[in-house]
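Input: a single structure, listed below in structure tokens.
Ligands are counted one by one from 1 in listed order, and the atoms in each one are counted from 1 as well. From a predicted model like this one, the values you see are computed outputs, not experimental measurements. All heavy atoms count here, side chains included; hydrogens, waters and symmetry mates do not.
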Amino acid sequence: MFLVGIPISIVGLQGLWPCGLPHELTSHDIATRIRVDPKTIAAASTDFGRLTNEVPAAVFCPSSDRDIAELLQVAYESTQRITVAPRGHGHSVWGQASAAGGVVIDMRCLGGNATGDEEHSPLAAARISVSEGGAYVDAGGEQLWVEVLRETLRFGLAPRSWTDYLYLTVGGTLSNAGLSGQAFRHGPQISNVYELDVVTGQGELMTCSRDRNPDLFYAVLGGLGQFGIITRASIALEPAPERVRWVRLIYTDFAAFTEDQEFLISLDGRGAPGKKIMKREDKKYKGFDYVEGSVTLGHTPVSNWRSSFFSEDDSRRIASLAAQHGAIYCLEGSMYYGSSSAPTIEQDVERLLEDLSFVPGFVFTNDVNYVGFLNRVRKGELQLRSNGLWDVPHPWLNLFVPKTRILDFNVGVFRGILMRNHSVGPILVYPLNRNKWDERMSSVVPDEEVFFTVGLLRSSTPEDWRQLETQNEEILRFCETEGIEVKQYLPHQKGRADWVKHFGRKWGAFLERKKNYDPKAILSPGQGIFDSPVA
Ligand SMILES: Cc1cc2nc3c(=O)[nH]c(=O)nc-3n(C[C@H](O)[C@H](O)[C@H](O)COP(=O)(O)OP(=O)(O)OC[C@H]3O[C@@H](n4cnc5c(N)ncnc54)[C@H](O)[C@@H]3O)c2cc1C
Ligand SMILES: *[C@@H]1O[C@H](CO)[C@@H](O)[C@H](O)[C@H]1NC(C)=O
Ligand SMILES: *[C@@H]1O[C@H](CO)[C@@H](O)[C@H](O)[C@H]1NC(C)=O
């Protein structure tokens, strides 16, 4: 539609242009990439958590890294304060990818807004390329891990460290850590990156790695979006396993459960003995390639257990065990195999199970292909969606708990605070090896060699989430008074003092890096770390 010869879109842009944003942006080439329509604005105002509503002045839809760099240059040079938040898939829970009154960059525009479910999306695929020789893949920061998996599998390759859920972006998880059951062996996803392209808070496009601009490289990994926008990451690959033998073991004793988990993460992939080997006879093991676990509190309906793992009959037995003991623990392990190792897989798993202390008879086995295994959470998502239970508030709390205090944590939190008030959603508990993390990176973990990641992945109604948040605060207070030195993962802090405490000895470096790469504190304001320039 035209109005006296001027395309309506331009009139619309001027008419709708939020007075809060500077003129430099509207007059610049990249103005055509700006969206201010209510639907786009609304979508960028909230996230998976559904706990916040932070309305940006505009959404920016880039077609290249250059667009992003230009936007940041304009913001950096402007006399007016403009904040900019890259938004990956918006799967934060506390508005970390928001920019109230600022600009949200919809990173998914770079790959043509693919949904992730396309068998092949040319625009998305164009920004993923497997290196010659197959040692790594270069992926756009906006790529979903499921897209990276699909493209690398065409070469029989795959990244080795994952998240449980694959519809998260490379840039989003690398800004935190990226954890799943492989991290005990390969480290978090941030430990599996060779090189990054980053647009800094000054609008500079820089390449960084352990050798080239190393300070920026270490800053950005686990950096909560504070130092630059990741537009490309070069990620380590391995030959993709063909199949996965997947087991679930039920425990009624928390100490037995965590001891077995710790034993399993002490084994390395090729069957070399771990440090607890002497206690477990003089035996060589092939360990699991993936180790996780979960806690189930109190009475859960039989139907909650029913899955591809548990038959109707199994579900009844497990539910009755849970009712009897108040809480049960489920250790989950997987061993990868292919045609060459197929003949021994049965035996390899058996050997390992022989020395574990789960409740006799409570071992359940599944056998799936690699994609089916990695993409397991998607099934649950589709089910929840069809029941209207996906787009609901998620007052999650994720903590790292030092190994020496995990039993106290069990008593005070699982069997204490949480037992008193049940909530809906999985509770994940599994140990990690700190030697797979790089101290130079921005992420923070407890000081002990082994620590547990605990995820309270709760769902709630719009009315009840504040109660759950109160409970989260109670848990943090409990840890504080008991001297359990937990660290939050995907941290959500209330103010500067809490951030300083969160980063601990890393705070000084964090602040220094902020001065170097984003002195005007433009980037990812939704994290709530910096609300004004630092230099
Ligand atoms: C269902 C579900 C399952 C999950 N499972 C796991 C799991 O198993 N393991 C795990 O580790 N985490 C898990 N998470 C948490 C998840 O890793 C983080 O919330 C992550 O930030 C989400 O990625 P995203 O792309 O949606 O990021 P967003 O929420 O869009 O962004 C997160 C932060 O990173 C910044 N950011 C986004 N893109 C970039 C970029 N390209 N460069 C720099 N900064 C950027 C944003 O500004 C924001 O501050 C899960 C989350 C959900 C909702
Ligand atoms: C992608 O999404 C943005 C909204 O963030 C929209 O403005 C843009 O037109 C979409 N692009 C395509 C190719 O659909
Ligand atoms: C716990 O449950 C009781 C009632 O069952 C309720 O009054 C209380 O507010 C709940 N507390 C929390 C923290 O959810």
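Using modelled atom types, one finds no donor on one side chain facing an acceptor on the other under 3.5 Å when comparing Tyr165 with Asn375. A donor and an acceptor atom, one from each side chain of Gln182 and Tyr336, are located under 3.5 Å apart.
Glu147 and Arg127 are not joined by a salt bridge, as no carboxylate oxygen comes within less than 4.0 angstrom of a charged side-chain nitrogen. Using a 4.0 Å cut-off between a side-chain N of Lys or Arg and a carboxylate O of Asp or Glu, Arg108 and Asp106 do not qualify as a salt bridge. By the 4.0 Å N-to-carboxylate-O rule, Glu381 lies close enough to Arg378 to be salt-bridged with it. A salt bridge between Arg440 and Asp215 is absent, with no side-chain N of the basic residue lying under 4.0 Å from a carboxylate O of the acidic one. Salt bridge Asp138/Arg232: present, at least one basic N to carboxylate O contact under 4.0 Å. Between Asp498 and Lys494 there is no salt bridge, since none of the side-chain N atoms of the basic residue sits less than 4.0 Å from a carboxylate O of the acidic one. Residues Glu262 and Lys403 are paired through a salt bridge, judged by an N-O separation under 4.0 Å between the basic side chain and the carboxylate.
Shown in contact with Gly225 at under 4.0 Å from a heavy atom are these atoms of ligand 1, numbered in order with element: 44 (N). Heavy-atom contacts of Met107 reach the following atoms of ligand 1: 41 (N) (cutoff under 4.0 Å). Ligand 1 places these atoms under 4.0 Å from at least one heavy atom of Ile229: 42 (N), 43 (C). For ligand 1 and Gly90, the ligand atoms under 4.0 Å from any heavy atom of the residue are 26 (O), 28 (P), 29 (O), 30 (O). Near Thr173, the atoms of ligand 1 lying under 4.0 angstrom from a non-hydrogen atom of the residue are 17 (O). Each of the atoms 3 (C), 8 (C) of ligand 2 lies under 4.0 Å from some heavy atom of Cys61. Close approach of ligand 1 to Ser524 is summarised as follows: ligand atoms under 4.0 Å from at least one heavy atom of the residue are 46 (C), 47 (O), 49 (O). Heavy-atom proximity to Phe48, at under 4.0 Å, picks out these atoms of ligand 1: 53 (C). Close contacts of ligand 1 with Gly178, meaning ligand atoms under 4.0 Å from a residue heavy atom, involve 11 (O).
The cationic group of Lys436 does not satisfy the cation-pi geometry with Phe184, failing either the under 6.0 Å distance to the six-membered ring centre or the 45° limit from the ring axis. Both tests hold for Arg248 against Phe309: distance to the six-membered ring centre under 6.0 Å, angle to the ring axis within 45°. Geometrically, Arg210 does not engage Phe217 in a cation-pi contact, judged by NZ or CZ lying under 6.0 Å from the ring centre and within 45° of the ring axis.
Shortest contact from atom 1 (C) of ligand 1 to any protein heavy atom: Tyr165 CD2, 3.6 Å. Residue, atom and distance of the protein heavy atom nearest to atom 44 (N) of ligand 1 are Ser175 OG, 3.1 Å. Atom 30 (O) of ligand 1 has Gly88 N, 2.7 Å as its closest protein atom, hydrogens excluded (heavy atom only). Summary of contacts: the protein heavy atom closest to atom 24 (P) of ligand 1 is His89 N, 3.5 Å. The shortest contact between atom 26 (O) of ligand 1 and any protein heavy atom is with His91 N, 2.7 Å. Here the protein heavy atom with the shortest distance to atom 7 (O) of ligand 2 is Arg35 NE, 2.6 Å. Closest to atom 51 (C) of ligand 1 among all protein heavy atoms lies Trp396 CZ3, 3.7 Å. Remark: minimum distance from atom 50 (C) of ligand 1 to any protein heavy atom is reached at Leu168 CD1, 3.9 Å. For atom 23 (O) of ligand 1, the closest non-hydrogen atom on the protein side is Gly172 CA, 3.8 Å. Looking only at protein heavy atoms, the nearest one to atom 5 (O) of ligand 2 is Asp106 OD2, 2.6 Å.
At a 3.5 angstrom cut-off on N or O pairs, Thr40 does not count as close to ligand 2. The shortest N or O to N or O distance between Trp390 and ligand 1 is not below 3.5 Å. Close N/O approach between Thr169 and ligand 1 is found [any backbone or side-chain N/O within under 3.5 Å]. Where the criterion is an N or O separation shorter than 3.5 Å, residue side chain and backbone included, Ser180 fails it with respect to ligand 1. At least one N/O-N/O distance between Leu179 and ligand 1 falls below 3.5 Å. Remark: ligand 1 and Gln527 share an N or O pair separated by less than 3.5 Å (distance only, no angle test).
When the options Ala97, Ala85, Ser92 are ranked by their closest heavy atom to atom 32 (C) of ligand 1, first place goes to Ser92. In this comparison of Asp37, Val59, Asn113, the heavy atom closest to atom 10 (C) of ligand 2 sits on Asn113. Looking at Pro86, Gly455, Ala177 and measuring to atom 37 (C) of ligand 1, the nearest heavy atom belongs to Pro86.
Contact analysis puts Tyr489 in contact with ligand 1, with a non-hydrogen atom separation below 4.0 angstrom. Close to ligand 1: Gly228, with a non-hydrogen atom less than 4.0 angstrom away. Assignment of Trp162 to the shell around ligand 1 is not supported, since no heavy atom sits closer than 4.0 Å.
The shortest heavy-atom contact between Gln261 and Phe452 is OE1-CE2, 3.4 Å.
Taking the side chain as every heavy atom from C-beta outward, Val247 and Met335 never approach each other to under 4.5 Å.
The part of Asn176 lying near ligand 1 is the side chain, judged by heavy-atom distances below 4.0 Å. Only the side chain of Leu490 comes within 4.0 Å of ligand 1, counting heavy atoms alone; its backbone N, CA, C and O stay farther away. The proximity of Phe227 to ligand 1, defined as any non-hydrogen pair under 4.0 Å, does not occur for either the backbone or the side chain.
The aromatic rings of Phe400 and Trp437 stand perpendicular to each other, their planes meeting at an angle above 60°, with 30° marking the opposite boundary. Below 30°, between 30° and 60°, or above 60°: for Phe530 and Trp507 the angle between ring planes is below 30°, a parallel geometry. The aromatic rings of Trp396 and His394 stand perpendicular to each other, their planes meeting at an angle above 60°, with 30° marking the opposite boundary.
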Do Tyr290 and Phe373 pass the ring pair (Phe, Tyr, Trp, His ring centres under 6.0 Å) test, and can you show the C-alpha distance, the side-chain angles, and the key distance before you say yes or no? CA-CA 11 Å; Tyr290 162 103; Phe373 175 70; 4.9 Å; yes

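Residue Phe414 is tested with Phe257, Tyr329, Phe409 for a ring-ring contact (aromatic ring centres under 6.0 Å, His included); the sole match is Phe409.
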